[in-house]
Q: 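This structure is in structure tokens; I'll ask about it shortly.
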Amino acid sequence: MASGKYSRVDGKKSSGYGFTITIVLVVSLCLVGAWMFMSSWSAPTESIDFSSSETTKNVESTTKSDFTNEEVDRGSKSFSDEKNEEPEIVTESNEEKTEPEKSEENSGEKTESVGEKKEFDDKNGDGDRKDGKGEKDTESEGDEVKQKEKTQLEESSEENKSEDGNGTEENTSESEENSEKKSEENTGETEENTEKSKDVFPAGDQAEITKESSTGSGAWSTQLVESQNEKKAQVSSIKWKVCNVTAGPDYIPCLDNWQAIRKLHSTKHYEHRERHCPEEAPSCLVPLPEGYKRSIKWPKSREKIWYNNIPHTKLAEVKGHQNWVKMSGEYLTFPGGGTQFKNGALHYIDFLQESYPDIAWGNRTRVILDVGCGVASFGGYLFDRDVLALSFAPKDEHEAQVQFALERGIPAMSNVMGTKRLPFPGSVFDLIHCARCRVPWHIEGGKLLLELNRALRPGGFFVWSATPVYRKTEEDVGIWKAMSELTKAMCWKLMTIKKDELNEVGAAIYQKPMTNKCYNKRSQNEPPLCKDSDDQNAAWNVPLEACMHKVTEDSSKRGAVWPEKWPERVETVPQWLDSQEGVYGKPAQEDFTADHERWKTIVSKSYLNGMGIDWSYVRNVMDMRAVYGGFAAALKDLKLWVMNVVPIDSPDTLPIIYERGLFGIYHDWCESFSTYPRTYDLLHADHLFSALNKRCNLVSVMAEVDRILRPQGTFIVRDDMETIGEIEKMVKSMKWNVRMTHSKDGEGLLSVQKSWWRPTEAETIKSAIA
């Protein structure tokens, strides 16, 4: 058809040579165009896809070759720096771009994904990569210790074989498994196109993975980064609220959990007075009582406190005639009496010493436990005899008795002899005292008295001042007979029974044996001896058992030899530490001495003189993470007392603290402490929060710090700088006054003073509504 047309034209104008050439060119172009059209129409669509795929691979190949070596050279530091650049990537990805710009962006994102994949794999691989000297240096000594000594959590978990002890391990294994899965997924996704790369590593996830990678191998490599970032986000956006609860200003989260208490099947063994912590620790702030004032200084506080600080009058009405507590204008006054010592605690204390001089207050007998303490006047006046008495009583109808004790400046805590062991190691108290403490020691095989036997040091005394000792009613005679049979079967020796003529009361004094001779001679194994596998130091949430532990007769073991007399014992290295390795990696005795000297220096040169603390207002002190008790020992000459807390996931050094003539308790700081609000003047936390950050919500922990610290009280934190930064943000958000910050070699020190500020908005805690 084309050639016919061409002939016709050619015939008409054969002389137009130039025109002919033009026609030929036009026809040639038409033919070429037709051929290309036909070729395109008949070609398979796979050709285009294949070409496109080849192009993508070429881009990837180029990207990898251009950038991978650079990322390797930059190492882990590059990812720490890139954290601040990621928000810019998010912003850019939301803007409209020209095609060249989009191409550059996709290429850049692909490169970042490849680099991050490499570092993420390094983290989950053989662990050879290091993240820099700073982070390595800030690993707490607790990680080394976990390989050397058992923690209370491990001891208690092995003892009761409960699921509670496996929770951390399960979470750790899940974290490792999830990390491995993420690593495998990232490896596969690297071979996909850039669009898939953006789906797997969106900007937010990149930030989390980068942060997780930056922790590197080492002690905390199993911590989930998502949790870390979430906690930091919470810190930066905290909006504090005041707790709306039935207990109001007296709220104790683990003792006021009415939701859990209502579900109890029985309260026969005082289960309703035991700890029942809410599933989620509250993060609200407890309100102040109306008219609250700064606590009166010691020793005046022993005699009187502000009524508005604890506006409860029931105990004054019920026990006023026994000189427990009385109303006096704007004060509540404490004449120093009690049910068994209406004429004053000092007279009663001297009566006990005269009854059995070997008690030797403040010399042989230094650390005691007072059961069912009332307002703790007994313990309050034992300070005059150089004796530390840790008093406890339940939160019951004797309204605010423990709260009164703490406001007076006397060591006390809310606890009950119920279904679980007391939160103390075995064989630590020099003497245990019960003055009309209302505990039925003789029932159920003597289970409760056997728990005191566990806590009492071999050779220690049990002082029982109760009506069965000196009254002859039918009930009292029956109880005395049952107690006599029980104590004899326990091999306790009745040392004396004396009557206090002035107070018209009597006391029986028993002594726990220092050998197993009596146990081996018993004709009947009742009460039974505990199994050899039963760890007497396991005390956190461990059920009571009606059995006795054998005493240690090996002089190289703890408990076989009575400690040095006070005050020498506070500086004496226990002999039984000889064969052990210390918390900080040195031989234990050398470790102990170094820790003691270190805290003496810190306290004398920094805390007492360099922080602007008015120590005349400091009476009730808590060391939230005690190790050897060095901080408390360094303060021994001041008119104050220190509650040494050994966290359940820290090395179990609490027996050493008791051996020094100090006292303390086991506790899990993911839960609230068993004390009333506003009961401590100073809280001290040495490398506690960096450890808690791995398993607790720090906002809730700080809410607990706020709960137990008095307004204008001091909070001292020593930790790594990252943790110090988080804590400083939180205390500033609560309007606390930062008095001092200091840093050196990645370690930080923070000293703050709590303010009077309370939020205006309220948060209802459903578990705490009665």
Side-chain angles (χ1 to χ4, degrees), residues 151-153 156-157 159-160 162-168 170-171 231 243-248 250-267 269-286 392-396 402-403 413-424 538-544 622 624-625 643 645-650 665-677 679-680 683 688-689 691-709 763-770:
T151 65
Q152 174 60 207
L153 182 60
S156 299
S157 299
E159 182 59 38
N160 59 26
S162 69
E163 294 181 0
D164 293 341
N166 298 326
T168 304
E170 290 174 1
N171 290 340
K231 289 171 185 175
C243 302
N244 178 25
V245 294
T246 300
D250 299 334
Y251 178 43
I252 306 176
C254 291
L255 298 181
D256 291 321
N257 186 353
W258 291 100
Q259 207 170 58
I261 292 172
R262 281 192 287 264
K263 295 178 181 179
L264 293 173
H265 299 298
S266 170
T267 57
H269 296 98
Y270 301 96
E271 291 90 344
H272 57 305
R273 307 296 187 197
E274 294 182 320
R275 289 171 59 85
H276 302 282
C277 299
E279 292 183 5
E280 184 177 345
S283 56
C284 54
L285 307 183
V286 175
F392 78 88
K395 187 178 183 182
D396 61 9
V402 169
Q403 193 175 15
M413 59 178 291
S414 293
N415 214 317
V416 66
M417 303 222 45
T419 66
K420 298 177 181 178
R421 288 180 177 179
L422 297 171
F424 314 116
W540 186 252
N541 289 330
V542 176
L544 289 180
M622 178 186 286
M624 298 177 70
R625 183 182 171 270
M643 176 67 79
V645 179
V646 173
I648 61 169
D649 58 347
S650 292
I665 187 175
Y666 296 118
H667 184 60
D668 181 359
W669 283 113
C670 293
E671 303 175 356
S672 74
F673 196 78
S674 291
T675 191
Y676 283 87
T679 51
Y680 285 89
L683 299 180
L688 169 70
F689 288 90
L692 291 179
N693 202 19
K694 295 160 184 57
R695 61 187 190 88
C696 309
N697 182 346
L698 284 193
V699 176
S700 296
V701 179
M702 281 304 302
E704 176 65 5
V705 167
D706 175 87
R707 190 183 71 86
I708 65 179
L709 185 63
E763 177 185 356
T764 299
I765 307 299
K766 294 181 180 179
S767 63
I769 302 298

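All values reported here derive from a predicted model rather than from experimental measurement. Residue numbers count from 1 along this sequence.
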Q: For Val542 and Lys420: C-alpha separation, side-chain torsions, deciding distance, then whether side-chain contact (heavy atoms from CB on, under 4.5 Å) applies.
A: CA-CA 6 Å; Val542 176; Lys420 298 177 181 178; over 6 Å; no
Q: To the nearest 0.5 Å, tell me how far Glu671 CD sits from Cys277 SG.
A: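 Between atom CD of Glu671 and atom SG of Cys277 there are 3.5 Å.
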Q: Once you round to the nearest 0.5 Å, how far does CG of Asp256 lie from CG of Asp250?
A: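 Output value for this atom pair is 8.5 Å.
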Q: For Thr246 and Ala770, indicate whether the former's side chain and the latter's backbone hold a donor-acceptor pair under 3.5 Å.
A: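 Judged by distance alone, yes, a pair lies under 3.5 Å.
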Q: Report yes if some heavy atom in the side chain of Asp706 is under 4.5 Å from a heavy atom in the side chain of Met702; otherwise report no.
A: no
Q: Do Pro282 and Arg707 come close enough that some side-chain heavy atom pair is under 4.5 Å?
A: no
Q: Once rounded to the nearest 0.5 Å, what's the spacing between atom CG of Asp668 and atom SG of Cys696?
A: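 Rounded to the nearest 0.5 Å, the CG-SG separation comes to 6.0 Å.
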Q: Report yes if some heavy atom in the side chain of Pro423 is under 4.5 Å from a heavy atom in the side chain of Asn415; otherwise report no.
A: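 Counting from C-beta outward, Pro423 and Asn415 do come under 4.5 Å.
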Q: Which pair of heavy atoms, one from Pro647 and one from Leu688, lies closest together, and at what distance?
A: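 Minimum heavy-atom separation between Pro647 and Leu688: CG-CD1, 4.1 Å.
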Q: With heavy-atom distances below 4.5 Å as the criterion, would you say the side chains of Arg421 and Leu544 are in contact?
A: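 A side-chain contact exists here, since the closest heavy-atom pair is under 4.5 Å.
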Q: OG1/Thr267 to CD/Glu274 distance, rounded to the nearest 0.5 angstrom?
A: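 Those atoms lie 11.0 Å apart.
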Q: Minimum heavy-atom separation for Pro278 and Pro253, please, with both atom names.
A: CD-O, 3.5 Å
Q: Within a strict 4.5 Å, meaning less than it, do heavy atoms of the Met622 and Thr675 side chains meet?
A: no
Q: Does Phe673 have any ring-ring contact (aromatic ring centres under 6.0 Å, His included) partners at least two apart in sequence or in another chain, and if so, which?
A: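 With sequence neighbours excluded, Phe673 shows a ring-ring contact (aromatic ring centres under 6.0 Å, His included) to His667, Trp669, given in chain and number order.
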Q: At their closest point, which heavy atom of Ala539 faces which heavy atom of Gln152, and how far apart are they?
A: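 Answer, listing the atom of Ala539 first, then Gln152: N-OE1, 2.5 Å.
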Q: To check you understand the geometry: which heavy-atom pair defines the closest contact between Pro677 and Ile252, and what is its length?
A: CD-CG1, 4.5 Å
Q: How far does CG of Asn257 sit from CD1 of Ile769, to the nearest 0.5 angstrom?
A: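 It comes to 11.5 Å.
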Q: Please check this pair: side chain of Arg275 against backbone of Ser672, looking for a donor-acceptor N/O pair closer than 3.5 Å.
A: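 Between the backbone of Ser672 and the side chain of Arg275 there is a qualifying donor-acceptor contact (under 3.5 Å).
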Q: How close do Ile665 and Met413 get, counting heavy atoms only, and between which atoms?
A: CD1-CE, 3.2 Å
Q: Can you measure from OH (Tyr666) to CG (Asn541) and round to the nearest 0.5 angstrom?
A: 13.5 Å
Q: Using 4.0 Å as the upper bound for N to carboxylate O, is an ion pair formed by Asp649 and Arg695?
A: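 Here Arg695 pairs with Asp649 in a salt bridge, since their nearest N and O are under 4.0 Å apart.
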Q: So do Val402 and Lys395 actually touch side chain to side chain, heavy atoms under 4.5 Å?
A: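 No; the side chains remain at least 4.5 Å from each other.
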Q: If I compare all heavy atoms of Glu271 with all of His276, which pair ends up nearest, and what's the gap?
A: O-NE2, 2.7 Å
Q: Could you pull out all residues at least two apart from Ala768 that satisfy side-chain contact (heavy atoms from CB on, under 4.5 Å)?
A: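 side-chain contact (heavy atoms from CB on, under 4.5 Å) list for Ala768, sorted by chain: Val245, Tyr251, Ile765.
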Q: I'd like to know whether Ser283 forms a side-chain contact (heavy atoms from CB on, under 4.5 Å) with Asn697, so could you lay out the CA-CA distance, the side-chain angles of the two residues, the decisive distance to 0.1 Å, and finally the verdict.
A: CA-CA 9 Å; Ser283 56; Asn697 182 346; 5.6 Å; no
Q: Do the non-hydrogen side-chain atoms of Ser156 and Ile648 ever get within less than 4.5 Å of each other?
A: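 Not in contact.
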